[in-house]
Asks: 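What follows is a single structure, and I will ask about it in a moment.
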Amino acid sequence: MKDYEVKCIRCGARFPKDDIVYTCRNCGGLLDIKYDYSKLDLERIVKAKGEGVWKYRALLPFGDEIKPIAINEGNTPLYRCDRLAQAIGIADLWVKHEGLNPSGSFKDRGMTVGVTKGVDLGVKGVACASTGNTSASLAIFAAKARLPCYVLLPMGKVALGKVAQAIMHGAKVFSLKGNFDDALRVVRLLCEEESIYLLNSVNPYRLEGQKTIAFEVAEKLGWAVPDRVILPVGNAGNISAIFKGFSELKTLGIINAIPRMTGIQAAGAKPIVNAFKENKEEITPEDNPETIASAIRIGNPVNAAKALHAMRSSGGVAESVTDEEITEAQLLLARLEGIGVEPASAASIAGLKKLVEMGEIERDERTVCVTTGHLLKDPERVIQICEPPIEVEADVEVLRKMVRRGR
Ligand code: AN7
C-alpha cells in the first residue's frame, strides 16, 4: 500500500487510512491526503501509459492491487480556442471541456476515486447532496459498484438532465424542501451512520480524483503550465483539487510554477468572492443564493478555506459574473467554438472576459478555462435563451421563402 496520510489542514491531526472521517475530529478543519513525495517514482508519473484518471495512479491513494470502479472518466479534450480568444481580446486561450466525461461533468473524476475508496472500506451505501451533477455521477458509480445510492436534491432547483440521470441509474432521489446548503447539512448528519459513505467534495478522496485535471492540462502542454486557470466555483472542491494537482507536480519537480488559480462565482451566490476581496479567512454564508447557473447556487461552500488558499497563494483572484454575462458567454462559446456547456461552466468564460476588460488578466497570459458540465444537462435553459424552432408546412416553396428571408 502506498504511503499517505489523511491530515487536517488546520491543526495537523492525522487519521488512519481505514477511518471513515470527513472533517477533523479534533478541530473540525478540512482534511487532505498527504503523500510521502520522496518515495514517489517520477518516471512512473511522467511516462505512465493509458488514459484518464487512473493513468495517474502513482499519485492516487491506492496500491496497485485495487480494482477501480471506473468507466473511462477523464481524458477530456483541451481545445485551443482562437476565435473566442480574439473575441475576448487575448492571445492564447484553451478550454478544457469536462462536459465530455461519461456523465457529462468533471464529477466523474472524483467519484471514480471516492466510490473505489468506499468499496475498499466496505461501506453499505453511498450518499450526497447535490445541485445535480454530483448526484448524476454518483448514481452511475454506485450502480457500477452495486451499492445503494441516496441523493438529496434541492426541490425545484436542479436542471432536468441531471435529475434524469440520477433516477435512470437507480439512485434513490429525495427532493428536499430547502436549498443545497440545507441538503448538505442533512446528508452529513445521515452519513454519521458509518455504513453510508458521504461523497460530497468534503470527502478528501473526491478531490484526489479531480486533481487529475491539472495533470492532464500540464501533460497536454508538454509538462508545462498555463499562466492561469479559470473555473466556476460552487462548493469550491474543484479549484482546491486542481490547485493541489499543480502543487504536487511542482513539489515533484515536474513543473516549475503554479498557474494563477482564478475562481468565478455567480453574482447571486458569491461568498468566496466576498471573502477574497475583503481579505478574510472565513466566508460569510449567504442564506438565499440565487442564479440561473443552478450548479453553483451554493451559499455556504464547504471547501472555502482550501479555495481561498489556492487563489491567494498562486496569485490568482476571485470574481463574480451576472446571469446575463453567463448567458452571453454560453452562447459565445457554443457559436464560436462549437463547445456546448451548461450555465455554470460558462461562468469561467464570462469571468475571463470581465477580468480582461478590468485589466486584471494580461492579454498575453496563456489561459485555460475549465468548462465543468455539458450543455445537455440543462436543456430548459437552452430553450429560454435561444430562438425556438420555427413551425413550417411540409412544402418546399414555403420553406424556401423562409430560408431566403432569413439570409
Ligand atoms: C457544472 O453537483 O456542487 O466548486 O452538487 O456541477 O467543486 O463545487 C456541482 C458543482 C461547477 C462547482 N460546475 O464545483 C453538485 C455541485 C458545475 C458543477 C461546479 C459544479 P465545485
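Counting starts at 1 for both ligands and their atoms, following the listed order.
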Asks: Would a 4.5 Å heavy-atom cut-off, applied to side chains only, mark Val95 and Ile349 as touching?
Replies: yes
Asks: With heavy atoms under 4.0 Å as the rule, classify the contact between Ile239 and ligand 1 as side chain, backbone, both or neither.
Replies: neither
Asks: Where the side chain of Gln330 meets the backbone of Val341, is there a donor-acceptor pair that is under 3.5 Å apart?
Replies: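 Judged by distance alone, yes, a pair lies under 3.5 Å.
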Asks: Taking only heavy atoms of Val233 into account, list the atoms of ligand 1 that are under 4.0 Å away from them.
Replies: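 Atoms satisfying the 4.0 Å criterion: 4 (O).
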Asks: Do Arg381 and Gln384 have side-chain N/O donor and acceptor atoms under 3.5 Å apart?
Replies: yes
Asks: Check this for me: Asp364, atom CG, are more than 12 non-hydrogen atoms of other residues, nucleotides or ligands nearer than 6.0 Å?
Replies: yes
Asks: Select one of side chain, backbone, both or neither to describe which atoms of Lys162 lie under 4.0 Å from any atom of ligand 1, heavy atoms only.
Replies: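 Neither part.
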Asks: Any side-chain donor-acceptor pair under 3.5 Å between Glu73 and Asn101?
Replies: no
Asks: Nearest to atom 21 (P) of ligand 1, what protein heavy atom do you find, and at what distance?
Replies: Ala236 N, 3.5 Å
Asks: Considering only distance and modelled atom types, tabulate donor-acceptor pairs under 3.5 Å from the side chains of residues 172-180, sequence neighbours left out.
Replies:
unit_1: Asn179; atom_1: OD1; unit_2: Asp181; atom_2: N; d: 3.0
unit_1: Asn179; atom_1: OD1; unit_2: Asp182; atom_2: N; d: 3.0
unit_1: Asn179; atom_1: ND2; unit_2: Asp287; atom_2: O; d: 3.3

Asks: Using a heavy-atom cut-off of under 4.0 Å, does the side chain or the backbone of Ile296 touch ligand 1, or both, or neither?
Replies: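 It is the side chain that gets close, since no backbone atom is under 4.0 Å.
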Asks: Could you go through Tyr56 and Glu219, starting from their C-alpha distance and side-chain angles, then the distance that decides it, and tell me whether this counts as side-chain hydrogen bond (donor to acceptor under 3.5 Å, both in side chains)?
Replies: CA-CA 11 Å; Tyr56 304 103; Glu219 182 164 16; 2.6 Å; yes
Asks: Any nitrogen or oxygen of Asn133 lying under 3.5 Å from a nitrogen or oxygen in ligand 1? Just yes or no.
Replies: yes
Asks: Give me the nearest non-hydrogen protein atom to atom 7 (O) of ligand 1 as residue plus atom name, then the distance to 0.1 Å.
Replies: Asn238 N, 2.7 Å
Asks: State whether the shortest distance between N or O atoms of Gly237 and N or O atoms of ligand 1 falls below 3.5 angstrom.
Replies: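 Between Gly237 and ligand 1 (N or O atoms, distance only) the closest approach is under 3.5 Å.
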Asks: Side chain or backbone, does Ser345 bring an N or O within less than 3.5 Å of an N or O on ligand 1?
Replies: no
Asks: Can you list the atoms of ligand 1 that are under 4.0 Å from a heavy atom of Gly132?
Replies: 2 (O)
Asks: Would you mind checking which non-hydrogen protein atom is closest to atom 18 (C) of ligand 1, with the distance to 0.1 Å?
Replies: Ala295 CB, 3.5 Å
Asks: Between the side chains of Thr372 and Ser345, is a donor N or O closer than 3.5 angstrom to an acceptor N or O?
Replies: yes
Asks: Would you say Ile298 has any N or O atom under 3.5 Å from an N or O of ligand 1, going by distance alone?
Replies: no
Asks: Indicate whether any N or O donor in one side chain lies under 3.5 Å from an N or O acceptor in the other, for Ser201 and Asn303.
Replies: yes
Asks: Give a yes or no answer on whether the side chain of Glu319 reaches the backbone of Leu355 with a donor-acceptor pair at less than 3.5 Å.
Replies: no
Asks: Can you report which non-hydrogen protein atom sits closest to atom 14 (O) of ligand 1, along with the distance?
Replies: Phe106 CZ, 3.5 Å
Asks: Short list, please: which atoms of ligand 1 are under 4.0 Å from a heavy atom of Asn235?
Replies: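 Close to Asn235: 4 (O), 8 (O), 21 (P).
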Asks: For ligand 1, note which part of Ser130 has a heavy atom under 4.0 Å away: side chain, backbone, both or neither.
Replies: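 It is both parts that get close, each with some atom under 4.0 Å.
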Asks: For ligand 1, is any non-hydrogen atom under 4.0 Å from Lys107's backbone (N, CA, C, O), its side chain (CB onward), both, or neither?
Replies: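 Just the side chain.
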Asks: Measure from atom 11 (C) of ligand 1 to every heavy atom in Thr134, Thr371, Val151, Thr372 and give the option owning the shortest one.
Replies: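 Among Thr134, Thr371, Val151, Thr372, the closest heavy atom to atom 11 (C) of ligand 1 belongs to Thr372.
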Asks: Say whether Pro232 and ligand 1 are in contact under the criterion: heavy-atom distance to a ligand atom below 4.0 Å.
Replies: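 So Pro232 counts as touching ligand 1.
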Asks: Is the number of heavy atoms from other residues, nucleotides or ligands under 6.0 Å of Glu393 CD greater than 12?
Replies: no
Asks: Does anything in residues 296-305 form a salt bridge (charged side-chain N to carboxylate O under 4.0 Å, His left out)? List the pairs, not counting sequence neighbours.
Replies: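 Residue pairs passing salt bridge (charged side-chain N to carboxylate O under 4.0 Å, His left out), neighbours aside: Glu290-Arg297.
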Asks: Please compare Ile272, Leu152, Ile264, Thr131 and report which has the shortest non-hydrogen distance to atom 5 (O) of ligand 1.
Replies: Thr131
Asks: Nearest protein heavy atom to atom 12 (C) of ligand 1, by residue and atom, and its distance?
Replies: Gly234 N, 3.5 Å
Asks: How about CG on Asn288, more than 12 heavy atoms from neighbouring residues, nucleotides or ligands closer than 6.0 Å, or not?
Replies: no
Asks: Taking both backbone and side-chain atoms of Ser201, is any N or O found less than 3.5 Å from an N or O belonging to ligand 1?
Replies: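 Between Ser201 and ligand 1 (N or O atoms, distance only) the closest approach is not under 3.5 Å.
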